[in-house]
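Notes follow once the structure below has been shown.
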Amino acid sequence: MPDAVRVRFAPSPTGLLHIGGLRTALYNYLLARQTGGAFVLRIEDTDRSRYVPEAEQDILAGLAWAGLALDEGPTQGGDAGPYRQSERRDLYADAARLLVEGGHAYVAFDTADEIEAMKARRRTDANPTPGYDASTRGEMANSLTLPADDVAARLADGAEHVVRLRVPEDQTITFTDRVRGEVSFDTATVDDQVLVKSDGMPTYHLANVVDDHAMGITDVIRGEEWLSSVPKHLLMYRALGWTPPRLAHLPLILSPTGGKLSKRSADRLGIPVSVAQYREAGFEPEAVVNFLALLGWNPGTDQELFTLPELAEAFDVERIGTSGAQFSLDKLEWFNGQHLRRLSSEEIADRARQSVETAVGPVPDDALVTAAELMHERLTKASDLAQATYLFQDPEAYDPAGVKKRWKDDSAALVRAYADRVEALETFDIETTEAAMRELAEAEDAGFGRIVHPVRLAVTGTTVGAGLFETLVAVGQDASVARMRRAADRLG
Ligand code: GLU
């Protein structure tokens, strides 16, 4: 077994937990479980302008729903707490001071207008987006250009300022990403990143590095969009004399029509974005987890169905892919159906109860379990059971296309004749109802199909469903007979 890791899921509480975030959390969780390590939740709430108070609760609910139990986090605590960055400000201030004292960061007083003016001055066709970096910092108002007493006086005056990382000129920063292999960045492409904002709050970059170090994080697994931040982070690790964690950047999640799956493209395609939406849409958490696990990782075998413990066993960071992983709602629904098959009828009944009762009102337990048993193999979601309303109440209408296709001139007479035979059965079960139909077909010299389809329409109002005789048994003898006679009267 590999060494025990300490991994973290580090969401910013800026909105509902989305499906990509859950995938990141899952991969971290799997690595922790596999190595007997710790899975930590850290709330990265330093950006107060984007802070959404309900977000943390939603993140916790989403992780709990998916079964990703935390070892440490804001609710249960732990030795490396506190687990909200807003409660760790002293640590960031200390690190910023160390960086400035060591000459790896500096204080800058420039206003937004002054920075804009510099960019306008520097903008050329070859350099359309000039940065605040080694090539420009010399012409700005900062502690590298201003005399020390001026800087001290401004600070004493409470002048607005930020702290910036002093990114060296002309260096190549190379690191090994466990997914991408060796990655290099030229520091000439890296800005003098703001580390402490004018409100005194650290930016993501500073807080993230300080906390990964302080919390003893050994491995970082996160989305590809953070890859370009790595050189800045490594410069800080180096300057502070800290060992960086191992890094793994997950491939993008792609839209089924190509391109990154953004909130906009997902909305357009009717793909839910937040974990809460998947929960409300009636997806099984085991299916969502299984689907997400394979969205970017493959086990190297044909196995597709996994429980969470099986995933923890099979997971391997080295088998995470580099190319984007295409999202497919059809695939997720397939997983959902497969995971439903593993549940008992009682469990399905439990999960379907709310939707069924919304559709047809209160239903007794045994009726719900019988219905679940009957439809087990056909459900994509447990809540689909609510579509088979005929299992709980008489059909209110008959599918017009079905009637057109299946209800013939002799249908009413055949359905009535079958109802009489069913009514007379002493034992009412799958075998006797089927035998009764065969006998009727022979007696009337009618094809089986001329009876089966109208009977199904009469009893269910539809032309699809589970086996007819199983359905009759689920509906019950009296109700089946009554429904057949009523349909014969109504459809003629
Ligand atoms: N707070 C960042 C986010 O919202 C964390 C990125 C990271 O894992 O470093 O995704």
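For ligands, and for the atoms within them, numbers begin at 1 and follow the listed sequence. We're numbering straight along the sequence, starting at 1.
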Nearest candidate to atom 7 (C) of ligand 1, where distance is taken over non-hydrogen atoms, out of R222, R42, H249 =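 Among R222, R42, H249, the closest heavy atom to atom 7 (C) of ligand 1 comes from R222.
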In the protein, what heavy atom is nearest to [atom], and what distance, to one decimal place, separates them?
| atom | answer |
| --- | --- |
| atom 10 (O) of ligand 1 | W226 CZ2, 3.4 Å |
| atom 1 (N) of ligand 1 | E44 OE1, 2.6 Å |
| atom 8 (O) of ligand 1 | R8 NH1, 2.6 Å |
| atom 4 (O) of ligand 1 | S12 OG, 3.1 Å |
| atom 5 (C) of ligand 1 | A10 O, 3.1 Å |

Against heavy atoms of N208, which atoms of ligand 1 measure under 4.0 Å?
->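 Listed by number with element, the hits are 7 (C), 9 (O).
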Could you tell me whether a side-chain N or O of T187 sits under 3.5 Å from a main-chain N or O of V190, the two making a donor and an acceptor?
->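 Looks like no, no N/O pair under 3.5 Å.
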Could you check V230, V220, I320 and say which one makes a side-chain contact (heavy atoms from CB on, under 4.5 Å) with H249?
->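 Output: one option passes, namely V230.
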Do NZ/NE/NH1/NH2 and the carboxylate oxygens of [X] and [Y] come within less than 4.0 Å?
| X | Y | answer |
| --- | --- | --- |
| D199 | R48 | no |
| R8 | D211 | no |
| R246 | D177 | no |

Kindly indicate whether a cation-pi arrangement holds for K381 with F283, taking the cut-offs as under 6.0 Å to the six-membered ring centre and within 45° of the axis.
->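 Yes, cation above the ring, under 6.0 Å and within 45°.
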